[in-house]
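Chain letters run A, B, ... following the sequence lines, proteins first, then strands; residues in each count from 1.
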Amino acid sequence: MGFFSKFRKKSPWILHYNTGGCNGCDIEILATLAPKYDIERFGALNRGNPKQADILLVTGPVTKNCRDVLRRLYLEMPEPKVVVAMGACGHGGGVFRHLYNVENGVDNIIPVDVWIPGCAPNPRALIDGIVEAIKIWEKKSKDKEYMKNHSKEMIKNLGVNDD
Amino acid sequence: MGNKIVVPFGSQHIALPEPVSFLFDTKNEIITNVKVDVGYVHRGIEKAAITKFEFTNVSYLLTRICGFCSITHAGGYHHGIEKLLDVEAPKRAEYIRLIITELDRIHSHLLANAHVAEVAGYENLFMQGVKDREIVMDLLENITGNRIQYDIYTIGGVRRDISKETAEYIKKQLLKLKDKVLKVYDFYDTDYTFGLKTKGISYISLDDAKKYNVVGPIARASGLATDARAEFDYLPYDEVGFEIQTRTEGDVWARNIVRQMEVIHSIDLILRAIDNLPEGDIKVKYKGRPKGETFVRVEAPRGECFYYLKGNGTKVLERVRVRVPTYSNIPILKELFVGEKYSDAQPIVLSFDPCMSCTAR
Amino acid sequence: MVKMFIESFKNLFSKPETVKYPFEPFPEPEGFRGTILYNEELCIFCDKCENVCPPGAILFEIVDIETNKREYNYNPYLCIYCGACVDVCPKADEGCLTQANTRTKPLGEEVVKDKKLGYLMNRITNPKEVEKAWSELEIRAKESREKYAEYKKQQRMKKRAQAQTKKENS
Amino acid sequence: MINPNVEIFETTLEKVVEDIKNWYDYKKYHYVTINGVDEGGKLRIDWIFADYNEKNKMYVFRVTDVSFDTLIPSIANIIPSAWMAEWELRDMFDVEVENTQKGIFIKDPNIVAPLRKDK
Amino acid sequence: MISVILTIFAPILGGFVYGIERIVRARMQSRMGPPLMQPFYDFFKLMDKRPIMIHSFHALMGIMYFIAEWFALAVLLLGNDLLIAVFFHVIAVLALVIGASSVRSSYSVLGALRELMHMISYEPLMVLMVVSFYLVVGSFDIKDVLHYNGYPILDLPLVFIAFLLTIPMLLQKSPFDVAEAHQEIIGGPEIEYSGPFYEALYTGKWIEYIYVFTFAFLFGGSHYWLGAILVIFAFLFINLLDNSTARLDFRRMVKFAWIVLIPMAALNVILLALI
């Protein structure tokens, strides 16, 4: 499928889920869809449908109430897929680190590929992050490394045994 | 189409920027019953504010309750803590606070209005509305150094000053913005299909608004003139000539129009504030530890935000209670759906401009 | 409807408002709150920045208890870029802690190496380990602090004991 | 510096609903929220109101020394939007409030009463 | 010969039309927009995604939609009855509806029901339009229409306007994009398809573009330049309409179609029959 994977970097479809962040990142995602930054230049669309999405854009520190929804969304997305954690909350919970209802970052629930720093990251940072994610996505599909390289712990965490 | 279909709306949905779940029972796409779950975003900030953080930097946590109204939370907290510490911010700091607060209100309202247009299927109106918002975002980035979390409040003043050149720049940009906002206001006001989609939807009468204690633009769209800026003294709003904007229609459309009117009024307020910007310090030193209790009401973009602070003379506060606008608007939102079409549910939710991260904290 | 119809038609023939960001540079504005940079030579190890940091993205680990040698660690991905540490730093004017005007690059294929980002970021090579390493460091730093306190206590006890024995001897 | 003009009505748990019922007029006053404070093993509950017309004016119905196992009466009959604060009170302090259920914010059974100092 | 080539390369041509449309839409919203080849990039990417099937019938119906759509276009272009082409289009949409209502997702079922409402709205109009062509040209055959010496648009101005306002229903554009309604039911019938199966739906849409614009072309008769102008006009008009209207309720759509559009077209047909 080498021919097809050539084009994959030009059409990343995004699924966005807020797992308990402060909205700041979500505002910036909307701003990135807006005319000034216009992320559709890279072919990116906000699909809102896990079955047709390639990049899962997670904002927020993952509260305990959101955890299962996030896991389900990740599993519903067809391979190959990339997870981007946006903002400081996505990396270890940010300012909400070690609060009682917080899971301390996206990486404790699903494997993350790209972290975008900032609170909140501005649209330029988001574009940088998407570009980085596309690179990793391309590599992933070339290596066919799907979920095989997940650690056993992670697979158990996700609640799946095979694939 | 006579069968009952249960339609979930959230917690992940393209029309929702935040997780909140509505479960609609529909019959012929008419909603007959609704279940709401608002607890997805609960992080436990009130607990952290009284255990993990000292009173000097708890505001960094509290501003991150919500990205839209971050400056309001900072305001609510700092006005309270300044009362407890018995310090008074200098006049110039108060004016700078006012400018940032109103700029924040402008960007929040513009986005909220545009989002209503977007979920009504009016993509172009969304783009036109959000296009102008970038001017405000640039201003905020220039003044505070960040686009969303400004962190400009500090106990006894502000962290950054507005220089003369910046003041001129703000003035120039805001005058430019005003023309554009008026143009978009015209679209919201006169657009036929947008009116079809929004007029008469989810009507709240003045009596209901009072009974359910509705706050913010939603209340003002029903003719209830409530606004913490007028009902509570916290920033020099009297000096810049604040007036409450109201409509009487009480539907989705009126909420949009009220927000747009407030945007225009906010621009006027900022222009006046910049003209009267007093000279002097931007920060005063404070001493001691917070002791006693205080009640603060501040006006967030979505309505009145209430803070209760209690200190006991130590570094860590004893109780921080945050009551946010959406928290008091959810009860009436829940009542509104029954009898409306499913296709109108999204504009109704978004016209409330719900802020779940505030509500659940 | 009609107004927007005309507006759309006008927009079709006017220049789009989009900036071509990744292809053309877009510098951050003056006073942008970017990465926190650290200069070890100027640091007096007062720990003020560590205590004030809201998310705990600055950690001093005591690597050598006897000489009280401390290592500055900074996690730019956990940082919320509020600038509180720079405000509180007593040597900020001389450039011990400064807030740069640039953004940190996203953490994807590789970890950005920079001496000014502290020790931990320079030691890690696999980007997926940053978060875990930071969690471990948090525990380690806490332990080292406790150990140091313990060591100090013992030192004091020793001194007191010595002094006492001296007294008794004399 | 702001100076809120707060009028505090001290009352008891049995009388509070009646007091509020007699005093509250939805056309004049504005219900703000219900606030619980843990005062060292005892709960203090404030029913907070504001005035539409008078500037800086707030009213507080205060009940002190509530133990954590008493049933707290609900005012949702008088003020229909009060249910949310009551549900939250139950979640945060693990106290029984009339006509409420657990789990509006905290769904994890391992977390109990985060705002109580003894837990 | 041209029609054979056109039929075979319809998906590619449709892709280009869709690509142009995305750019035009972006420009109208004062954005830059994606590159022209974007639909094909999407196409190739979707081919490479791992397929997730709900059940085989659902997937089959998705592919069926694509095939029936192509077949309808082939019938239309290869010189058969216009009426039969309209009916094949019905089959294609029906496949979509059946597939969508065979899964449990409530968005998909709602989308299927709304798609039926679409059909109720536009199918009578399509039939009326074909009938009016018959009245003008005297034949249901596309070749006869294309060799007709007069100007069908002059005979059928009201039908053309009615058809112009039907295109948003056919192509799922605002104000009548109720079945797709991205902000309400996230794509409706297509929500449960993924990877290569979604491909079929995605490409089926492109063919629908060609199918619809062929009808617009027919209004030019044998004057191909007029046909081309009409196609470009229709394309610009529906895009402007798409960008300047909010989505209306399906009740309003059906009412609009039955109270305004169908009487309008019928009036034209009646006048034509009388004169």
Quiz item: Is it true that a side-chain atom of E17(C) and a backbone atom of K36(A) form a donor plus acceptor pair closer than 3.5 Å?
Solution: no
Exercise. Give the minimum heavy-atom separation between E138(C) and R97(A), together with the two atoms involved.
Key: OE2-NE, 2.9 Å
Exercise. Report yes if some heavy atom in the side chain of N75(C) is under 4.5 Å from a heavy atom in the side chain of H91(A); otherwise report no.
Key: yes
Quiz prompt | Part of T35(C) within contact of chain A (heavy atom distance under 4.5 Å) | solution = neither
Exercise. Look at N104(A), I136(A), D38(A), V131(A) and state which one has the largest set of heavy-atom pairs under 4.5 Å with chain C.
Key: I136(A)
Quiz prompt | Contact class of N122(A) relative to chain C, heavy atoms under 4.5 angstrom | solution = side chain
Quiz prompt | 4.5 Å side-chain heavy-atom contact, Y81(C) and P117(A) | solution = yes
Quiz prompt | Side-chain heavy-atom pair Y37(A), T18(C) within 4.5 angstrom cut-off | solution = no
Exercise. Compare every heavy atom of A88(A) with every heavy atom of I80(C), then report the nearest pair and how far apart it is.
Key: CG2-CB, 3.9 Å
Self-check item: For G94(A) against P55(C), the heavy-atom pair lying closest together
Solution: O-CB, 3.3 Å
Quiz item: Heavy atoms, side chains only, cut-off 4.5 Å: are L107(C) and E132(A) in contact?
Solution: no
Quiz item: Which bit of R124(A) comes within less than 4.5 Å of chain C, counting heavy atoms only: side chain, backbone, both or neither?
Solution: both
Quiz item: Between D107(A) and K128(C), is the closest basic N to carboxylate O distance under 4.0 Å?
Solution: no
Quiz item: Measuring heavy-atom distances to chain A, does P76(C) have an atom under 4.5 Å in its side chain, in its backbone, in both, or in neither?
Solution: backbone
Practice problem: With the side chain counted from C-beta on, respond yes when I116(A) and Y77(C) share a heavy-atom pair under 4.5 Å apart, and no when they do not. | Solution: no
